[in-house]
Trainee: 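My questions all concern the structure below.
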Amino acid sequence: MMNRRFAFDTAKLIVATVIGLVVVFPLYYIFAGAFYKIGEFTAYPPTLFPDSFQLGNFIRALRDTLLIRFMGNSLLVASVGSVLRMTIAVLCAFPMAFLRFKGKNLLFFLVLGTMMLPSDALIIENYLTISRLGLVDTYFAIISIYLLAPVQMFMLRQAFKTIPQTYREAAAIDGCGDFRFLTLIVLPMAKPIVLTLTLQSFVTIWNTYLWPLLVTNDPAMRTVQVGITMLGFAESLDYGPTFAAIALILLPSLSIFLIFRKKIVEGIAAGAIVG
Amino acid sequence: MPGRIRLRQALKPYAYFIPALLVAYLFSYRPFLKTLANSVSLVNYSGRILEFVGLENYRGLFADKNFQTSLINTFRFTALFVPIDVVFCLVCALLVYRKRRFNALNETLFILPMAVAMTSAAIAFRALFNPTIGVINHLLGIQIQWFNDPAWAMTTIVVLSVWMALGFDFLLLLAALRSVPRQLVESAQLEGAGRGSIFLRIQLPLISPTLLFIVTTRIRDGMLLSGPVLVMTEGGPFRSTQTLIYQMYIEGFKSGNYSMGSAISVVVFVLTFTMILLAFRIERKGVFYQ
């Protein structure tokens, strides 16, 4: 009995490891390819390990493209965007959880209802709005459609609701107004969930592709996701510099991912409960 | 004076909603209503409505071979992607959900793709699937013309999509499997239940809410697929990977045909909405909550 169980566990481990290696292979290939010379890409049989760790591709990626600029754009848009997005969500979640007023449910459903209107299907009209306002090629245009996060507002409301009402009454007696109560007491108490959701927003905006593709024409305004598809290396089979560029983008996101792994995992588990 | 203060107090809660409502109006409700209006009108190049044409755009759309292709491809993608994704992620979660040595390592391997953005992944997979120099054909010892053969191009999009969805869906299922009470599984084992029946009778019902969540969100993603198509195949070959949102993008921005583009949007809205409603009906019948 014990032996059979051991055999079963070992078999499971082997299968899991094989799947794991297959899953990680594309990532490995990106980093290996970043060091390939053009001949190694076109070689047959395909190269699986670089001949040398030459940095030519990285130099070409950094010198011949606006990669650094793209990364700066993405960083700016994702950080400012995620903070604005969280601010708007917190402002909605707070009165939903603590204040009593007429029309609360209506307002709640007006905000939550935007969930039913996927932004991918609204891009034509949203593009027209942005272009009529003369906002094409601006950072605001890129973050505009990500400013509202109904699901996150909902999750914040649930988190705020776990804070006892008596705190607010006590704060009011001490002469603390609602807004100060929110910034001084509620936000610090809900810090873990606020951080997790901000991180999620950051990733969402960092990864978005179709919308920034539409609202940016000027190469200097492109985000990383758009820019990486338009690096314009003439030889179509010369993947080297492109892979080097991808590797350079991946380094920060992989490290952030590994550092904040626990937070990200928690956030996902919390999201599942809402769903 | 006290009256004015009371009024200000009464209005305060609403002030918190101003930014959200502004954004909701500008970038959700208004464009939605305008998309509806565009879809029943003739719209010029700058997006102005010229005249009301009733259901003419929809009639044109459904008679259009091109649109039928997009519709079929979108369903074909969803029908392949969602089941493969769910089964694959469930298998991965079942393999490592028990906390054992090395399982944590494999867990990390499974979720690493989450750190890769879609465009980077799409470029890498385009190289991997390259028919002549790609690693996939070589390692599997096959000669498939992935991007030139209409029968196979969609497979590349499905593989890429499953790879990108793996981290997230795997983590959800892992959390769900780990929240199944141990005593339930152990007492079933004592009564002599096999692994299969424990999975079918205990674990599967208890993780069904998570499964439903994954299926619903992934169906929605399937209906909205465009990014990987844009980067990897540009709808080809012979329109075999052209999806609804991709066609909407082409109609709207390459051909300047906003009426058609808007009509496709409305079809997408109806489809996603129907799918979600359907999921909720299934939920009432088949999903078991603890």
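Quick note on labels: first sequence line is chain A, next is B, and so on, each numbered from 1. Because the structure is a prediction, the values reported are computed rather than measured. When reading the values below, keep in mind they use all heavy atoms of this one structure, side chains included, and skip hydrogens, waters and symmetry mates.
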Trainee: With a 4.5 angstrom heavy-atom cut-off, could you sort out which part of B:Phe269 is near chain A: side chain, backbone, both or neither?
Mentor: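 For B:Phe269, the side chain is the part near chain A, not the backbone.
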Trainee: For the pair B:Phe27 and A:Phe140, name the ring-plane relationship: parallel under 30°, tilted 30 to 60°, perpendicular over 60°.
Mentor: tilted
Trainee: With a 4.5 angstrom heavy-atom cut-off, is it the side chain or the backbone of B:Val116 that approaches chain A, or both, or neither?
Mentor: both
Trainee: Where on A:Leu110 is there a heavy atom nearer than 4.5 Å to chain B: the side chain, the backbone, both, or neither?
Mentor: both
Trainee: Against chain B, label A:Leu13 side chain, backbone, both or neither, depending on which of its atoms sit under 4.5 Å from a heavy atom there.
Mentor: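 Answer is both: backbone and side chain atoms of A:Leu13 are under 4.5 Å from chain B.
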Trainee: Non-hydrogen atoms of chain B under 4.5 Å away: do they reach the side chain of A:Thr129, the backbone, both or neither?
Mentor: side chain
Trainee: Sort out for me which of B:Val268, B:Val231, B:Thr272 touches chain A most, counting heavy-atom pairs under 4.5 Å.
Mentor: B:Val231
Trainee: Which atom names give the shortest non-hydrogen contact between B:Tyr16 and A:Pro95, and what distance separates them?
Mentor: CB-CG, 3.6 Å
Trainee: What part of B:Glu251 is in contact with chain A, defined as an atom under 4.5 angstrom from a non-hydrogen atom: side chain, backbone, both or neither?
Mentor: neither
Trainee: So which of A:Met116, A:Met153, A:Arg100 has the largest heavy-atom pair count under 4.5 angstrom toward chain B?
Mentor: A:Met116
Trainee: Less than 4.5 Å to any heavy atom of chain B: does that hold for the side chain of A:Thr242, its backbone, both, or neither?
Mentor: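 Answer is side chain: those atoms of A:Thr242 sit under 4.5 Å from chain B.
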Trainee: If you measure from OG1 on B:Thr108 to CZ on A:Phe257, what distance do you get to the nearest 0.5 Å?
Mentor: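 Going from OG1 on B:Thr108 over to CZ on A:Phe257, the span is 8.5 Å.
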Trainee: Examine whether an atom of A:Phe98 lies under 4.5 Å from a heavy atom of chain B, and if so say whether it belongs to the side chain, the backbone or both; otherwise answer neither.
Mentor: neither
Trainee: Can you see which heavy atom on B:Pro31 is nearest to which on A:Leu122, and at what distance?
Mentor: C-CD2, 3.9 Å
Trainee: To the closest 0.5 Å, what do you measure between CG (A:Leu148) and CG (B:Leu26)?
Mentor: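 A:Leu148 atom CG to B:Leu26 atom CG measures 11.0 Å (nearest 0.5 Å).
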Trainee: Go through the steps to decide whether A:Leu91 and B:Phe17 satisfy the test side-chain contact (heavy atoms from CB on, under 4.5 Å), and finish with yes or no.
Mentor: CA-CA 7 Å; A:Leu91 284 177; B:Phe17 286 94; over 6 Å; no
Trainee: Using 0.5 Å steps for rounding, measure from the CG atom of B:Leu36 to the CD atom of A:Glu125.
Mentor: 10.5 Å
Trainee: How many angstroms lie between atom OG1 of A:Thr229 and atom CE of B:Met118, to the nearest 0.5 angstrom?
Mentor: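 CE of B:Met118 is found 8.5 Å from OG1 of A:Thr229.
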Trainee: If you take all heavy atoms of B:Phe110 and A:Ile19, which pair is closest and at what distance?
Mentor: CE2-CG2, 3.6 Å
Trainee: Of the listed residues (B:Ala10, B:Ala121, B:Pro13), which shares the most heavy-atom pairs with chain A below a 4.5 Å separation?
Mentor: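 Winner by heavy-atom pair count: B:Pro13.
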Trainee: Between A:Leu213 and chain B, with a heavy-atom cut-off of 4.5 Å, which part of the residue counts as in contact: side chain, backbone, both or neither?
Mentor: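 Interface part for A:Leu213: side chain.
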Trainee: Quick one, B:Glu107 with A:Arg261, criterion side-chain contact (heavy atoms from CB on, under 4.5 Å). Give me CA distance, side-chain angles, the key distance, then yes/no.
Mentor: CA-CA 11 Å; B:Glu107 204 184 306; A:Arg261 212 194 111 183; 3.4 Å; yes
Trainee: Side chain, backbone, both or neither: which part of A:Leu254 has a heavy atom under 4.5 Å from chain B?
Mentor: both
Trainee: Kindly state each residue pair satisfying side-chain hydrogen bond (donor to acceptor under 3.5 Å, both in side chains) with at least one member in residues 109-126 of chain B, sequence neighbours excluded.
Mentor: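 Passing the test, one end in residues 109-126 of chain B: A:Gln225-B:Thr119.
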Trainee: For A:Phe243, which atoms come within 4.5 Å of any heavy atom of chain B: side chain, backbone, both, or neither?
Mentor: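 Only the side chain of A:Phe243 comes within 4.5 Å of chain B.
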Trainee: Drop me the distance from A:Cys92's SG to B:Leu21's CG, to the nearest 0.5 angstrom.
Mentor: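 Reported value, rounded in 0.5 Å steps: 6.5 Å.
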Trainee: Minimum heavy-atom separation for B:Pro113 and A:Val23, please, with both atom names.
Mentor: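 Closest heavy-atom pair between B:Pro113 and A:Val23: CG-CG1, 3.5 Å.
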Trainee: Begin with the C-alpha distance, continue with both residues' side-chain angles, and end with the deciding distance and a verdict on side-chain hydrogen bond (donor to acceptor under 3.5 Å, both in side chains) for B:Ser46 and A:Arg132.
Mentor: CA-CA 9 Å; B:Ser46 57; A:Arg132 277 191 202 121; 6.0 Å; no
Trainee: With a 4.5 angstrom heavy-atom cut-off, which part of A:Leu84 approaches chain B: side chain, backbone, both or neither?
Mentor: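 Contact with chain B: none, neither part.
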Trainee: As an exercise: rank A:Ile30, A:Leu107, A:Leu147, A:Leu182 by heavy-atom pairs under 4.5 Å with chain B and give me the winner.
Mentor: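 Top option by heavy-atom pairs under 4.5 Å: A:Leu107.
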Trainee: At a heavy-atom separation under 4.5 Å, does B:Leu112 approach chain A through its side chain, its backbone, both, or neither?
Mentor: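 The answer is both parts of B:Leu112.
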Trainee: Would you find a donor on one side and an acceptor on the other, under 3.5 Å apart, between the side chain of A:Tyr209 and the backbone of B:Ala117?
Mentor: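 Judged by distance alone, no pair lies under 3.5 Å.
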Trainee: Using a cut-off of under 4.5 Å on heavy-atom pairs, state which of A:Leu214, A:Val15, A:Leu21 scores highest against chain B.
Mentor: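 Top count of heavy-atom pairs under 4.5 Å with chain B: A:Leu214.
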Trainee: Below 4.5 Å from any heavy atom of chain A, which atoms of B:Phe88 appear? Answer side chain, backbone, both or neither.
Mentor: side chain
Trainee: Start with the C-alpha distance between B:Lys12 and A:Phe179, add both sets of side-chain angles, then the distance that settles side-chain contact (heavy atoms from CB on, under 4.5 Å), and finish with yes or no.
Mentor: CA-CA 10 Å; B:Lys12 250 185 183 168; A:Phe179 193 72; over 6 Å; no
Trainee: Report yes or no: does A:Tyr29 contribute a side-chain atom to a donor-acceptor pair with the main-chain N or O of B:Val135 at less than 3.5 Å?
Mentor: no
Trainee: Please state whether the side chain, the backbone, both or neither of B:Leu244 comes within less than 4.5 Å of a heavy atom of chain A.
Mentor: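 B:Leu244 has no heavy atom closer than 4.5 Å to chain A.
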Trainee: At their closest point, which heavy atom of B:Ser262 faces which heavy atom of A:Ile124, and how far apart are they?
Mentor: N-CD1, 4.2 Å
Trainee: Can you list every ring pair (Phe, Tyr, Trp, His ring centres under 6.0 Å) pair that touches residues 112-134 of chain B, not counting sequence neighbours?
Mentor: B:Phe125-B:Trp163, B:Phe129-B:Trp146
Trainee: Please classify the contact between B:Phe253 and chain A as side chain, backbone, both or neither, with a heavy-atom cut-off of under 4.5 Å.
Mentor: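 B:Phe253 touches chain A through side-chain heavy atoms alone.
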Trainee: With a 4.5 angstrom heavy-atom cut-off, is it the side chain or the backbone of B:Leu94 that approaches chain A, or both, or neither?
Mentor: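 For B:Leu94, backbone heavy atoms alone lie under 4.5 Å from chain A.
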Trainee: Taking every non-hydrogen pair under 4.5 Å, which of A:Gly103, A:Gly33, A:Ala121, A:Ala245 racks up the most with chain B?
Mentor: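 So the answer, after comparing A:Gly103, A:Gly33, A:Ala121, A:Ala245, is A:Ala121.
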Trainee: Among the options B:Ile214, B:Leu174, B:Ile18, B:Ile245, pick out the one with the most heavy-atom pairs lying under 4.5 Å from chain A.
Mentor: B:Ile245
Trainee: Please evaluate residues B:Tyr246 and A:Leu210 with respect to the criterion side-chain contact (heavy atoms from CB on, under 4.5 Å), reporting the C-alpha separation (whole Å), side-chain torsions for both, the decisive distance (0.1 Å), and the verdict.
Mentor: CA-CA 10 Å; B:Tyr246 179 80; A:Leu210 186 58; over 6 Å; no
Trainee: Considering only heavy atoms, which portion of B:Asn137 lies under 4.5 Å from any heavy atom of chain A: side chain, backbone, both, or neither?
Mentor: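 The answer is neither part of B:Asn137.
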Trainee: Between B:Ile123 and A:Ile228, what is the shortest heavy-atom contact and its length?
Mentor: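 Heavy atoms of B:Ile123 and A:Ile228 come nearest at CD1-O, 3.6 Å.
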Trainee: With a 4.5 angstrom heavy-atom cut-off, which part of A:Leu117 approaches chain B: side chain, backbone, both or neither?
Mentor: both
Trainee: Can you tell me which portion of A:Asp178 sits under 4.5 Å from chain B's heavy atoms? Options are side chain, backbone, both or neither.
Mentor: both
Trainee: May I ask you to name which of A:Val111, A:Ile145, A:Leu27 has the most heavy-atom pairs under 4.5 Å with chain B?
Mentor: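 Among the listed options, the one with the most contacts to chain B is A:Leu27.
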Trainee: Under 4.5 Å heavy-atom distance to chain B, tell me which part of A:Met115 shows up: side chain, backbone, both or neither.
Mentor: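 For A:Met115, the backbone is the part near chain B, not the side chain.
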Trainee: Answer with side chain, backbone, both or neither: which region of A:Leu99 has an atom nearer than 4.5 Å to a non-hydrogen atom of chain B?
Mentor: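 Answer is side chain: those atoms of A:Leu99 sit under 4.5 Å from chain B.
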Trainee: Where does A:Lys104 contact chain B at under 4.5 Å (heavy atoms): side chain, backbone, both or neither?
Mentor: neither
Trainee: Roughly how far, to the nearest 0.5 Å, is the NZ atom of B:Lys34 from the CG atom of A:Leu128?
Mentor: 7.5 Å
